[in-house]
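Accompanying notes for the structure given below.
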Amino acid sequence: MPRDLALLLVVAGVAGGGCAAFDFPRPGEGGDASPGDATTTVDASDAGVAASYLGTGDAAKACAWLFRCPRLAEAIELSLVLPVNTPSTPLGFSSCMDWVAGPVDPSRLGLATQQGILKGVAQAASCADAYAAVPIHPVDAGGTCAATRCADGTDLESCTADAGAFTAACAPPLFGATGACIADDAGVATCVSLGKCPPALSCDPSGALVDCIGGAAFVSYDCSLSGRQCLKQGANLAHCVAPGTVVAPCPLDNAADRCDHDFVLHCAGGPTAQTEFDCAAVGRTCTSSNPAGVARCAHATGDACTPFDAAQNQCSGSTISVCVGGSSQSFDCASVGMTCVAADATHTAHCG
C-alpha cells in the first residue's frame with residue numbers, strides 16, 4: 001500500500017482567522033463513546049455468525065473492476081479503509097476476494113453502508129460507474145493539481161504529485177453532514193456545514209466527529225464509514241477510535257499496518273483513513289505469517305492457504321484459484337460473465 005497517500009483528503013477547520021488541520025490527536029484515558037451506525041445485513045438470529053462484505057459472485061465482480069479502473073483500489077482504501085490495495089504491487093485478486101468475500105465481524109460499525117458501496121462497485125457497468133459508487137474517487141486534475149481545492153465549486157479535491165487527485169462530495173457518507181467546499185485565505189479547502197455546535201472537537205448524536213468553527217459552522221467526519229466510533233474525552237476533545245479503545249489505530253509516528261493482539265490495525269494514509277479489524281469476532285487472530293508479510297486475520301491453528309501463496313491467482317481456463325477465509329477455492333470467472341486474465345508485472349491473474 002502506498003504510504004505517500006497520506007491524508008489525501010485534508011479535512012480542515014477554520015478558527016481565529018487561520019486554518020488548522022482537522023487531526024485526531026492521540027486520546028488520553030476515559031471518555032464516553034457515541035456509537036455510529038452498527039446496522040448490518042445479518043439477521044439478528046445470526047448474532048455471532050461471521051458476515052462478509054459481499055457474496056462470492058459480487059465480490060469477484062467488484063474485485064475485477066480494481067484491475068480495469070486505475071486507482072479504484074486506492075479510492076476504496078481511502079473511503080472504506082478496506083485493504084484491497086495492500087500490498088499494492090502486484091495488485092492481488094485473491095487478496096481482494098479474501099477481504100471482500102471473507103468473514104467480517106457482523107457488528108462492525110457502518111457495515112451496511114460499507115456493503116452498499118461495494119455492491120455499487122460490483123454492479124457497475126463502467127469505470128465511471130465504479131468510481132461514482134465510492135465516496136472518494138480519483139480524477140484527472142491535469143496541470144492544476146493542488147494539495148486541496150474546491151473542484152467545480154462543490155467537491156473537495158486533494159492530491160499529491162505521485163498519487164494524483166481524488167475528490168469527494170461534501171456530503172454523507174464520508175462527511176457527517178451535507179455542506180459546501182470552502183477555501184480559506186491560504187487556499188486550503190475543506191467541507192463546511194452550517195449549524196450550531198459545541199466548541200472545538202465533539203461527537204454529534206449520530207456518532208460523527210465534529211470540529212466546530214466559531215459556534216456557527218463545522219466540519220464533520222462519519223467515523224463509522226471506517227468501522228470506528230466517535231469518542232468524546234473532556235469538554236473540547238473527541239476522536240475516531242475502534243470500539244473499546246481510546247487510542248487511534250495508527251498513530252502518526254507508526255503508520256505501518258500491524259497486529260495488536262487479535263486486531264488488524266490498517267493504515268491507508270492519514271487520520272481519517274485508518275481502522276481496526278476484529279479477528280476474534282470471526283474466530284480468528286491477527287498474524288503477519290504469510291508470504292507478503294502483511295497483517296491479516298487467520299485461524300490460530302493455521303489456515304490451509306493464504307491469498308499470497310504461489311498456488312493462488314492461477315488460471316485454468318476460465319477458473320482462478322483463490323484463498324478466501326483460509327480455504328482454497330476455484331472460482332469460475334465465466335459464472336459472472338468474465339474470463340481469467342493472465343498476470344502481468346503489476347497485477348496477479350484475475351477475472352476480467
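Only this structure's heavy atoms are used, side chains among them; waters, hydrogens and symmetry mates stay out. The structure presented is a predicted model; accordingly, all values stated were derived computationally and were not measured.
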Is any side-chain heavy atom of Val84 closer than 4.5 Å to a side-chain heavy atom of Leu66? yes

Step by step, would you call Arg68 with Ser126 a side chain to side chain donor-acceptor pair (under 3.5 Å)? CA-CA 9 Å; Arg68 300 176 182 177; Ser126 66; over 6 Å; no

Assess whether side chain to side chain contact (heavy atoms under 4.5 Å, CB included) is satisfied between Leu201 and Asn236, documenting all intermediate values. CA-CA 5 Å; Leu201 295 169; Asn236 300 316; over 6 Å; no

Does Phe263 share a hydrophobic cluster with Val246, counting links as ILVMFWY side-chain heavy atoms below 4.5 Å and allowing steps through other members? no

What's the separation between atom CG in Asp155 and atom CD in Glu157, rounded to the nearest 0.5 Å? 9.0 Å

Which pair of non-hydrogen atoms, one from Val81 and one from His266, has the smallest distance, and what is that distance? O-CD2, 3.3 Å

Please find the pair of heavy atoms, one from Pro106 and one from Leu111, that lie closest to each other, and give the distance. O-CD2, 3.8 Å

Take Asp58 and Lys119 through the test side chain to side chain contact (heavy atoms under 4.5 Å, CB included) and record every step on the way to the result. CA-CA 7 Å; Asp58 278 341; Lys119 183 77 169 181; 2.4 Å; yes

Sequence neighbours excluded, every pair satisfying salt bridge (charged side-chain N to carboxylate O under 4.0 Å, His left out) that has a member inside residues 81-103: Asp98-Arg296

Same cluster or not: are Val294 and Leu91 linked, directly or through other Ile, Leu, Val, Met, Phe, Trp or Tyr residues, by side-chain heavy atoms under 4.5 angstrom apart? no

Which heavy atom of Val210 sits nearest a heavy atom of Cys197, and at what distance? CG1-CB, 4.3 Å

With salt bridge (charged side-chain N to carboxylate O under 4.0 Å, His left out) as the rule and sequence neighbours excluded, what pairs involving residues 264-285 come up? Arg284-Asp303

Going through the distances and angles, do Arg228 and Tyr221 end up as a side chain to side chain contact (heavy atoms under 4.5 Å, CB included)? CA-CA 11 Å; Arg228 295 180 290 166; Tyr221 172 72; 3.9 Å; yes

Between CG of Asp257 and OG of Ser288, what distance do you get to the nearest 0.5 Å? 8.5 Å

Main-chain N/O of Cys63 paired to Lys61 side chain as donor or acceptor, under 3.5 Å: no

Distance, nearest 0.5 Å, that separates OH of Tyr131 from CZ of Arg71: 7.0 Å

Report yes if the SG atoms of Cys286 and Cys279 are separated by under 2.5 Å, and no otherwise. no

Does Thr285 use its side chain to pair, donor to acceptor, with the backbone of Asp262 at less than 3.5 Å? no

Give a yes or no on whether Phe331 and Val341 share a hydrophobic cluster (residues Ile, Leu, Val, Met, Phe, Trp, Tyr; joining criterion: side-chain heavy atoms under 4.5 Å apart). no

Among residues two or more places apart or on two chains, list those pairs meeting side chain to side chain donor-acceptor pair (under 3.5 Å) that have a residue in residues 329-341. Ser318-Asp332

Is there a side chain to side chain donor-acceptor pair (under 3.5 Å) between Ser226 and Gln274 once you walk through the steps? CA-CA 7 Å; Ser226 58; Gln274 52 179 273; over 6 Å; no

Give a yes or no answer on whether the side chain of Glu74 reaches the backbone of Pro70 with a donor-acceptor pair at less than 3.5 Å. no

Examine distances only and state if a side-chain atom of Asp344 and a backbone atom of His347 form a donor-acceptor pair shorter than 3.5 Å. yes

Atom of Gly120, atom of Ala133 and distance for their closest heavy-atom approach: C-CB, 3.7 Å

Let's go through Cys351 and Cys340 carefully: what are the C-alpha distance in whole Å and the side-chain angles of both, what is the deciding distance for disulfide (SG to SG under 2.5 Å) to 0.1 Å, and is it a yes or a no? CA-CA 5 Å; Cys351 290; Cys340 191; over 6 Å; no

Give a yes or no on whether the backbone of Ser94 and the side-chain of Gln312 come within a donor-acceptor separation of less than 3.5 Å. no

State whether the SG distance for the cysteine pair Cys69/Cys127 is less than 2.5 Å. yes

Straight-line distance of Asn313 CG to Ser321 OG, nearest 0.5 Å: 6.0 Å

Mind checking whether Leu118 and Leu80 have side chains closer than 4.5 Å, heavy atoms only? yes

Closest non-hydrogen atom pair, Ser52 against Leu54: OG-O, 3.1 Å

Side-chain contact test, heavy atoms from C-beta onward, threshold under 4.5 Å: evaluate it for Leu174 versus Ser79 and give yes or no. no

Counting N and O atoms only, with roles assigned by atom type, does the side chain of Gln114 sit under 3.5 Å from a partner on the main chain of Ser224, one being a donor and the other an acceptor? yes

Centroid separation Phe277 to Trp99 less than 6.0 Å: yes

Would you call Cys212 and Ser202 a side-chain contact if the rule is heavy atoms closer than 4.5 Å? no

Determine whether Phe175 and Asp222 satisfy the following criterion, side chain to side chain contact (heavy atoms under 4.5 Å, CB included), listing intermediate values before the conclusion. CA-CA 5 Å; Phe175 294 98; Asp222 188 346; over 6 Å; no

Flag side-chain contact, heavy atom, 4.5 Å: Leu82 against Tyr53: yes

Does Thr348 use its side chain to pair, donor to acceptor, with the backbone of Phe93 at less than 3.5 Å? yes

Interatomic distance, CZ@Phe166 vs OG@Ser158, rounded to 0.5 Å, equals 9.5 Å

Is there a donor-acceptor contact under 3.5 Å linking the side chains of Glu77 and Thr86? yes

Hey, what do you get for Cys305 versus Cys323: SG atoms under 2.5 Å apart or not? yes

Is there side-chain contact between Val219 and Ser193, with at least one heavy-atom pair below 4.5 Å? no

Can you see which heavy atom on Cys223 is nearest to which on Gly207, and at what distance? SG-O, 4.0 Å

If we only count heavy atoms from C-beta on, is the Cys181 to Thr190 side-chain gap below 4.5 Å? no

Any side-chain heavy atom of Thr56 within less than 4.5 Å of one from Met97? yes

Once rounded to the nearest 0.5 Å, what's the spacing between atom CD1 of Ile76 and atom CH2 of Trp65? 12.0 Å

Could you check Cys250 against Cys267 for disulfide (SG to SG under 2.5 Å), going step by step and ending with a plain yes or no? CA-CA 6 Å; Cys250 307; Cys267 315; 2.0 Å; yes

Shared ILVMFWY cluster between Leu265 and Val104, side chains joined below 4.5 angstrom? no

